Amino acid sequence: MITVKYFAQLRQMAGREEDQFDLGAQATLDQLSDAIGLNLPKIGELVRDKKIMVSVNYDVVSADHIIKDGDEVALLPPFSGGA
Amino acid sequence: MITVKYFAQLRQMAGREEDQFDLGAQATLDQLSDAIGLNLPKIGELVRDKKIMVSVNYDVVSADHIIKDGDEVALLPPFSGGA
Amino acid sequence: MSTTTETKARIQREDFSVTDEIEAIKKSSKNIGGIVIFLGTGRELNKGENISELNFEHYPKMAEKKLDEICTKAIEDYKIIDMSIIHRIGPIDIGENIVLIVAAGEHRKEAFEACEWAIAELKRTTPIWKRETTTKGEVWVQATP
Amino acid sequence: MSTTTETKARIQREDFSVTDEIEAIKKSSKNIGGIVIFLGTGRELNKGENISELNFEHYPKMAEKKLDEICTKAIEDYKIIDMSIIHRIGPIDIGENIVLIVAAGEHRKEAFEACEWAIAELKRTTPIWKRETTTKGEVWVQATP
């Protein structure tokens, strides 16, 4: 299972904090955005169009990153910490 | 009367904190350094050779400054405040 | 939420004492001569809107990891002696402390550079989000450089 | 020695509280978003010599005047909201606070610039002198940039 966490605006859009997806042993980010888009089409689109950053296991990854079973993925709106 | 204050190394060299000189209504810095040099030749020389900064009434002055009766002059070794 | 003395970076709901954080970092070396501190506080105005409250949320584990990485990289790249970072989350009133970065060096030059780099890097890499409550309602703030 | 709340710059023998100085400057505006602080502390080593004690002396009135001028010019030139400066005199142990500069701005950029300028200007213009006690005896320190 892959855990996908939603934060800030995305959590409000999703109406929940996280989802879980079974995408087999490995999956591309496009496959994950398709899976997210089934229930949350707008968020799926944002991920597919690279409009938001994606982290895997607490590091931001590039678009060609391969996600593995058990990974924790997070969808990250633009940060606004630091005062 | 003109008051001349000595600080830090110069106070130690002079062996006192200040002197007073009667140089009339006005005097040049060269006249003051001559007067200082009578009793403290090494300090007089430092002032004459522009080796140390001189303030008059709490502002640093240039070599052509005219000192007036009642002024407070200070001889200022290189500053080393600020940690 | 890590609050051990070993951890240089913390995320916490409660306020912090700048004096206590300075004294803690002083203990790391007797050769500290210059400490530069950035303290971010809640402003009443943003782009002309009156703000009544701020609220910060973070991505647990990742935010702490990024702050730790900033401390480690600042010490390595700027040759400072030590750095600590605290960022608060939850509701924050106007005037209250939000974020603290303490950069301690032998001399001031590297401490200024490290501190200014660290706050820019925090804004760039650390998953923390600010929600402002204004007269128009609640808004998620877009990143500012 | 001026300690009224009106005076932004002070010279004093006793230690100061960084937290108290921050809270005092916060009162000047609700629009402060970035506070940059420089804190100079007593180092154990200088050019390889072990220091056991520092001792600062100042030229009364002129030193306070120069610090006041630095605060006024920093606010004008860097468009910050407020600045305060404290410098201690007398004997100071290793690790103790020596000088504090607090620069408060709407944003961090101008506060960093003003704070870094102010400590350089203090060293350049303010009649304060440091005497170090080392294993070789007491030495008056030459100015360092």
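Note that the coordinates shown come from a computational prediction; the quantities given were computed from them, not determined experimentally. Chain A is the first sequence line, chain B the second, and so forth, proteins listed ahead of strands; every chain is numbered from 1.
Judged by distance alone, with hydrogens and angles left aside, the side-chain atoms of C:W129 form a donor-acceptor pair with the main-chain N or O of A:P77 at under 3.5 Å. Looking only at distances, no side-chain donor or acceptor of C:K123 sits under 3.5 Å from a matching main-chain atom of A:F79.
More than 12 heavy-atom neighbours from other residues, nucleotides or ligands sit within 6.0 angstrom of NZ on A:K50. A:E17 CD: 12 or fewer foreign heavy atoms inside a 6.0 Å radius.
Annotation: salt bridge (charged side-chain N to carboxylate O under 4.0 Å, His left out) contacts of A:E72 (sequence neighbours excluded): none. For A:D34, the side-chain contact (heavy atoms from CB on, under 4.5 Å) partners at least two apart in sequence or on another chain are A:R48. Under the rule for a side chain to side chain donor-acceptor pair (under 3.5 Å), the partners of C:E69 that lie at least two apart in sequence or sit in another chain are C:K65, C:K66.
Contact detail for A:F7 and C:H58: the closest heavy-atom pair is CE2-O, 3.8 Å. For the residue pair A:A83 and C:V99, the shortest heavy atom distance occurs at N-CG1, 4.0 Å.
The distance from the CZ atom of C:R131 to the CD atom of A:Q12 is 6.5 Å, given to the nearest 0.5 Å. Separating the CE atom in C:M62 from the CG atom in A:N57 is a distance of 10.5 Å, to the nearest 0.5 Å.
Proximity to chain A is limited to the backbone of C:R124, based on heavy atoms less than 4.5 angstrom apart. Both the backbone and the side chain of C:Y59 have a heavy atom closer than 4.5 Å to some heavy atom of chain A. Only the side chain of C:I98 has a heavy atom closer than 4.5 Å to any heavy atom of chain A.
Contact count against chain A (heavy-atom pairs under 4.5 Å) is highest for C:T125 among C:L122, C:N97, C:T125, C:I119.
Residues of residues 16-34 of chain C having a heavy atom under 4.5 Å from any heavy atom of chain A: none.
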